[in-house]
Amino acid sequence: MHNLKEIRKDYKTFNELIRKRSINIDLTNLQKLDEDNRGLIQKKESLENKKKEISKSKDESLFKRSKEISVELDKIVKDQKDIKLEIDNILANIPNLPHKDVPYGKDEKDNIEILNAGKIPIFDFKPKSHYELGENLKMLDFDLATKTTGSRFVFVKKELALLERALSNFMLDTHVNENEYQEISPPLMASESTMFGTGQLPKFENDQFEIKLEDSSDRKFLIPTAEVILTNIVKDKILDCKELPMRFVASTPCFRKEAGSYGKDTKGMIRQHQFYKVEMVSIVENQKCIDELERMTNCATKILDKLELPYRKVILCTGDMGFSAEKTYDIEVWLPSENKYREISSCSSCSTFQAQRMMTRYKDENKKTVFAGTLNGSGLAVGRTLIAILENNQNKDGTINVPKILRPYMNNLEVISAN
RNA sequence: GGAGAGAUGGCUGAGCGGUUGAAAGCACCGGUCUUGAAAACCGGCAAAGGGGCAACUCUUUCCUGGGUUCGAAUCCCAGUCUCUCCGCCA
């Protein structure tokens, strides 16, 4: 969320930056509301001041006047509250501004590749898709999931279930032991205010699964990513700069409605309502966001290096970034069956955007209270990593070579084959 | 499901109708002392918002929302959340 005080200084520049994100927001309305709001605040405060003085004087002859002021105040306060609400509603729906490093563009076609790593495998046969391979092995069962639950779910079985578990453990171990992240096993549900804090609400309610614990209780949501719950660890906190950076990692199921993607990736487990993801979150001093983003992205690519999977790193253009991000790198893994790269991680700096929603601040070295920077990144999406291993490590007979680094996590299994 | 207790500044925790924005302690910052550090002592230290170029100043805020009152952290009502005990269950 943006600070209206900052916007007020220069509506024009703010407007131009927002426009870069291919979003149309009319700021003239905001500007007018802001002026009205401040006018009412001034009126309100002078009346309150008068009341206060009467009360202090304890002069009974003025008590009647004080009562009259109360009546006047009632209306002003109500009007002011309404306007403030309207302002907050507008602000809550404005995305973060793009960082100056971010290339201008309309959509994913304008993203720019900045790194290409690993060897794309060459097959002397036509490589199969992950779902063909998995179904032939009888270790991915989409039909069964359709029966028990519905579309966009899957049963993962036997050695592939083990592989999925091994991937989670391997990624967590790497981030904890080599990358200084603290492991967390968090709740998989989040309150409304938590979802607001990271920017999932109010604008993207349609993508979320809502849960009712009790009829009377607050709304709760299944987390669409551990980013939500890990970032909100510091909600409503004033930290000391000595506590920063804070780095958290968790492997959790993620739940998404995928409302806007009917007909997209319907085959296989690329796009599911439920999937495992290892997520990294950093809380940093706000001027260190961009450095931390590089670090975090390297933590993610390191996993792919160790798994010996071919990938590329892409910087998202202004039009393709998520709501809360100021700068995002996507990491895309090579999928032979599709003959293209697919997203396997997304690392974003959110500058102070989420911190301002969550009220996360810290005392800097001058003891000034300032908003913190937050970052999040997948390290990596476990389901899609599983897909990438199936496809890139497949043999002609449909068996799968287990990446060397994972073998200790899988009873030293070298090849996954049927039965 | 039954019975209680609570929600106050970065943290712990007093206050229970009128200089209380809020005691005290911890943490933090500055100073004295010390070769240096620690200890001790002295001083400082909330946030949000409005006005002002600024020094500064005003308003709000003791869980949230109503109410009583000239005046509420303090009294009344409603709600949310947290904790403890018993029961039940993983």
Side-chain angles (χ1 to χ4, degrees), chain A residues 1-10 30-92 185-197 201 210-221 229 232-246 253 283 285-286 352-372:
Chain A
M1 188 141 76
H2 297 285
N3 189 339
L4 190 51
K5 254 200 266 184
E6 297 299 319
I7 301 176
R8 193 186 293 149
K9 281 186 200 157
D10 190 352
L30 183 64
Q31 206 166 349
K32 187 187 172 303
L33 287 169
D34 182 36
E35 275 160 28
D36 293 350
N37 181 236
R38 284 188 291 160
L40 285 174
I41 285 172
Q42 282 172 45
K43 257 191 228 167
K44 182 182 96 158
E45 290 188 351
S46 79
L47 288 175
E48 278 169 343
N49 190 261
K50 235 176 251 169
K51 255 186 83 166
K52 217 174 178 176
E53 262 154 32
I54 293 174
S55 163
K56 260 190 191 158
S57 74
K58 298 186 191 173
D59 178 348
E60 285 188 44
S61 68
L62 294 171
F63 287 178
K64 196 172 154 247
R65 174 68 191 134
S66 176
K67 279 201 161 184
E68 286 165 12
I69 293 175
S70 294
V71 175
E72 275 178 69
L73 263 173
D74 272 354
K75 185 172 160 30
I76 293 171
V77 166
K78 194 189 162 298
D79 289 350
Q80 193 266 331
K81 266 190 187 165
D82 286 348
I83 288 177
K84 184 68 172 47
L85 227 66
E86 216 175 317
I87 289 172
D88 286 344
N89 185 44
I90 292 170
L91 286 176
S185 175
L188 303 180
M189 292 183 205
S191 69
E192 197 170 357
S193 82
T194 293
M195 295 286 279
F196 177 86
L201 294 181
E210 186 176 346
I211 297 291
K212 270 215 175 287
L213 290 183
E214 283 169 56
D215 284 349
S216 63
S217 76
D218 275 7
R219 307 172 77 193
K220 304 225 186 299
F221 298 84
I229 202 93
N232 275 280
I233 287 174
V234 293
K235 179 158 81 104
D236 294 322
K237 280 255 172 209
I238 301 182
L239 306 157
D240 192 298
C241 60
K242 286 176 198 143
E243 296 175 73
L244 303 175
M246 294 168 90
I283 317 296
E285 293 175 68
N286 55 42
T352 59
F353 185 82
Q354 292 179 325
Q356 295 196 60
R357 295 177 151 247
M358 295 188 298
M359 290 305 281
T360 300
R361 290 153 294 170
Y362 65 94
K363 304 259 190 202
D364 68 11
E365 53 283 0
N366 304 317
K367 297 294 149 197
K368 260 197 73 178
T369 306
V370 292
F371 286 107

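Bear in mind that the values here come from a model prediction, so they are computed numbers and not experimental data. Note on naming: letters A, B, ... go to the chains in the order of the sequence lines (proteins, then strands), and numbering restarts at 1 for each one. Values below: every heavy atom of this structure, side chains too, minus hydrogens, waters and symmetry copies.
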How long is the line joining [atom1] of [X] and [atom2] of [N], in whole Å?
X: A:Lys51; N: B:G18; atom1: NZ; atom2: P; result: 18 Å
X: A:Lys50; N: B:G71; atom1: NZ; atom2: P; result: 16 Å
X: A:Asp236; N: B:C11; atom1: CG; atom2: C1'; result: 15 Å
X: A:Asp74; N: B:U68; atom1: CG; atom2: C1'; result: 14 Å
X: A:Phe63; N: B:U69; atom1: CZ; atom2: C1'; result: 10 Å
X: A:Leu47; N: B:C70; atom1: CG; atom2: P; result: 18 Å
X: A:Lys237; N: B:C11; atom1: NZ; atom2: P; result: 6 Å

Query raised in the report: Within less than 4.0 Å of OP1 or OP2 of B:C81, is there a side-chain N or O belonging to A:Lys220?
Result: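 For B:C81, OP1/OP2 do not have a side-chain N/O of A:Lys220 under 4.0 Å.
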Requested in this report: Calculate, to the nearest 0.5 Å, the distance between atoms CG and CZ belonging to A:Leu30 and A:Arg8 respectively.
Outcome: 9.5 Å
Report task. Any chance you could measure A:Ile69, atom CD1, to A:Lys64, atom NZ, to the nearest 0.5 Å? Result -> 12.0 Å
Report summary line: The side-chain contact (heavy atoms from CB on, under 4.5 Å) partner of A:Arg361 among A:Leu239, A:Asn286, A:Val370, A:Ile238 is A:Ile238
Going by salt bridge (Lys or Arg N to Asp or Glu O under 4.0 Å), name the residues that satisfy it together with [X], two or more places apart in sequence or in a different chain.
X: A:Lys5; result: none
X: A:Asp236; result: none
X: A:Lys32; result: A:Asp36

Spacing of the [atom1] atoms in [M] and [N] (rounded, Å):
N: B:U82; M: B:A46; atom1: C1'; result: 24 Å
N: B:G71; M: B:U61; atom1: P; result: 13 Å
N: B:U74; M: B:C58; atom1: P; result: 24 Å
N: B:A27; M: B:U12; atom1: P; result: 15 Å
N: B:G9; M: B:G25; atom1: C1'; result: 13 Å
N: B:U19; M: B:A73; atom1: C1'; result: 16 Å
N: B:U68; M: B:U20; atom1: P; result: 27 Å
N: B:A24; M: B:G13; atom1: C1'; result: 8 Å

Report task. Start with the C-alpha distance between A:Asp34 and A:Ile7, add both sets of side-chain angles, then the distance that settles side-chain contact (heavy atoms from CB on, under 4.5 Å), and finish with yes or no. Result -> CA-CA 11 Å; A:Asp34 182 36; A:Ile7 301 176; over 6 Å; no
Requested in this report: Would you mind classifying the nucleic acid contact of A:Lys84 as base, sugar-phosphate or nothing, using non-hydrogen atoms under 4.0 angstrom?
Outcome: nothing
Report task. For A:Lys67, report the nucleic acid contact type (base, sugar-phosphate, nothing); a contact means any heavy atom under 4.0 Å. Result -> sugar-phosphate
Report summary line: Contacts of A:Asn3 meeting side chain to side chain donor-acceptor pair (under 3.5 Å) (sequence neighbours excluded), chain-then-number -> none
**Report entry** Partner set under side chain to side chain donor-acceptor pair (under 3.5 Å) for A:Asn37, not counting sequence neighbours
**Finding:**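 Here no residue qualifies.
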Sequence neighbours excluded and cut-off under 3.5 Å, please list the side-chain donor-acceptor pairs for residues 82-89 of chain A, or say none.
from    : atom 1 : to      : atom 2 : distance (Å)
A:Asp82 : OD2    : A:Lys78 : NZ     : 3.1
A:Lys84 : NZ     : A:Asp88 : OD1    : 3.1
A:Lys84 : NZ     : A:Asp88 : OD2    : 3.2

Report summary line: Its contact letters, B for base, S for sugar-phosphate only and - for none at protein heavy atoms under 4.0 Å, make nucleotides 48-59 of chain B read SBBS------BB
Requested in this report: Could you give me the stems involving RNA chain B, meaning stretches of three or more consecutive Watson-Crick or G-U wobble pairs whose two defining distances are both below 3.5 Å?
Outcome: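 Stem list for RNA chain B: B:1-7 with B:80-86, B:10-12 with B:24-26, B:28-32 with B:40-44, B:46-51 with B:56-61, B:63-67 with B:75-79.
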Every protein N/O within reach of nucleotides 24-29 of chain B N/O, cut-off under 3.5 Å:
from  : atom 1 : to       : atom 2 : distance (Å)
B:C28 : O2'    : A:Lys367 : NZ     : 3.1

Requested in this report: Under the ring-ring contact (aromatic ring centres under 6.0 Å, His included) rule, collect the residues that match up with A:Tyr362, sequence neighbours excluded.
Outcome: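 For A:Tyr362, no residue satisfies ring-ring contact (aromatic ring centres under 6.0 Å, His included) once neighbours in sequence are set aside.
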Query raised in the report: Would a distance-only check, ignoring hydrogens and angles, find a side-chain to backbone donor-acceptor pair under 3.5 Å from A:Arg357 to A:Ala92?
Result: yes
Requested in this report: Determine yes or no for a side-chain-to-main-chain donor-acceptor pair under 3.5 angstrom, with A:Thr360 supplying the side chain and A:Val234 the backbone.
Outcome: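 Yes; judged by distance alone, with no hydrogens or angles, the pair exists.
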Between the protein and nucleotides 19-22 of chain B, which nitrogen or oxygen pairs come in under 3.5 angstrom?
none

Query - Intermediate values then yes/no, salt bridge (Lys or Arg N to Asp or Glu O under 4.0 Å), A:Arg65 and A:Glu72 - result: CA-CA 11 Å; A:Arg65 174 68 191 134; A:Glu72 275 178 69; 3.6 Å; yes
Requested in this report: Nearest-nucleotide wise, let me know which of A:Ser70 and A:Ile238 is further upstream toward the 5' end of RNA chain B.
Outcome: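 The residue closer to the strand's 5' end, by nearest nucleotide, is A:Ile238.
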Report task. Scan for side-chain hydrogen bond (donor to acceptor under 3.5 Å, both in side chains) pairs involving residues 39-50 of chain A, sequence neighbours excluded, and state none if there are none. Result -> none
